[in-house]
Amino acid sequence: QVQLVESGGGLVQVGGSLRLSCAASGSPFIINVMGWYRQPPGKQRELVATITNGGNTNYADSVKGRFTISRDSTNILTLQMSSLKSEDTAVYYCNGALVSGKIRVRDYWGQGTQVTVSS
């Protein structure tokens, strides 16, 4: 089992920055991809960014150049968000997954943290 706990959400103005963190505990060695997803009000959950154990990153087009995902050796996942827009308002979820080829064998989710960008 893997437990994921997010922190760092809050209220920020348009153009501002915010940093989200996710602490993985339990048996984080069983996951090989971590990522951030978000669910805007009234919409479905969507991918924000992922990072593999090897450090390969993937970003949604809407956040490229503004958000940076990273993971350190202590299993802390971070999402640095800059130049925030009102459309970035959402509940942000930390995800840990065991992926084999194209198959997601197992998924773990955090409880979510609210990010609100005000104009």
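Small disclaimer: the values here were computed from a predicted structure and weren't measured.
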Inset, instruction - If a pair satisfies salt bridge (charged side-chain N to carboxylate O under 4.0 Å, His left out) and one of its residues is in residues 105-119, list it, with sequence neighbours excluded. - result: R104-D107
Legend entry - OG1 on T50 to CD1 on I69, rounded to 0.5 Å: 6.0 Å
Legend entry - Check: Y108 main-chain N/O paired with N95 side-chain donor or acceptor under 3.5 Å: yes
Legend entry - Same apolar cluster (I L V M F W Y, side chains within < 4.5 Å links), V115/V5: no
Inset, instruction - Evaluate the side-chain proximity of R38 to V63: yes if any heavy-atom separation is below 4.5 Å, no if none is. - result: yes
Legend entry - Hydrophobic cluster membership, V91 vs L79, 4.5 Å side-chain cutoff: no
Inset, instruction - Kindly work out whether a path of hydrophobic side-chain contacts (I/L/V/M/F/W/Y, heavy atoms less than 4.5 Å apart) joins L18 to I76. - result: no
Legend entry - Heavy-atom side-chain proximity of M34 to L4 below 4.5 angstrom: yes
Inset, instruction - Taking the side chain as every heavy atom from C-beta outward, state whether W36 and M81 have any pair of such atoms under 4.5 Å apart. - result: no
Legend entry - Non-hydrogen side-chain atoms of S62 and K85 separated by less than 4.5 Å: no
Inset, instruction - Write down the atom of S17, the atom of S83, and the distance for their closest heavy-atom approach. - result: OG-N, 4.4 Å
Inset, instruction - Would you mind listing every disulfide bond (SG atoms under 2.5 Å apart) that reaches into residues 28-119, with sequence neighbours excluded? - result: C22-C94
Inset, instruction - Would you mind listing every disulfide bond (SG atoms under 2.5 Å apart) that reaches into residues 48-79, with sequence neighbours excluded? - result: none
Inset, instruction - Look at the side chain of T116 and the backbone N and O of T89, then say whether any donor-acceptor pair between them is shorter than 3.5 Å. - result: no
Inset, instruction - Can you tell me which residue pairs pass the ring-ring contact (aromatic ring centres under 6.0 Å, His included) test with a partner in residues 42-93, sequence neighbours excluded? - result: none
Legend entry - Connected hydrophobic set around I103, excluding itself, where side chains approach under 4.5 Å: L98, V105
Inset, instruction - Of all the heavy-atom pairs spanning S70 and L77, show the shortest one and how long it is. - result: O-CD1, 3.3 Å
Inset, instruction - Check the hydrophobic clustering (I, L, V, M, F, W, Y; side-chain heavy atoms under 4.5 Å; chains of links allowed) and say if V14 and L84 are grouped together. - result: yes
Legend entry - Residues forming a salt bridge (Lys or Arg N to Asp or Glu O under 4.0 Å) with R66, sequence neighbours excluded: D88
Legend entry - Approximate separation, where rounding is to 0.5 Å, of D72 CG and S21 OG: 9.0 Å
Inset, instruction - Report yes if the side chains of T78 and R19 come closer than 4.5 Å at any heavy-atom pair, otherwise no. - result: yes
Legend entry - Rounded distance (nearest 0.5 Å) linking atom OG of S25 with atom CD of Q1: 10.5 Å
Inset, instruction - Would you check if the side chain of E6 reaches a backbone N or O of G112 as a donor-acceptor pair within less than 3.5 Å? - result: yes
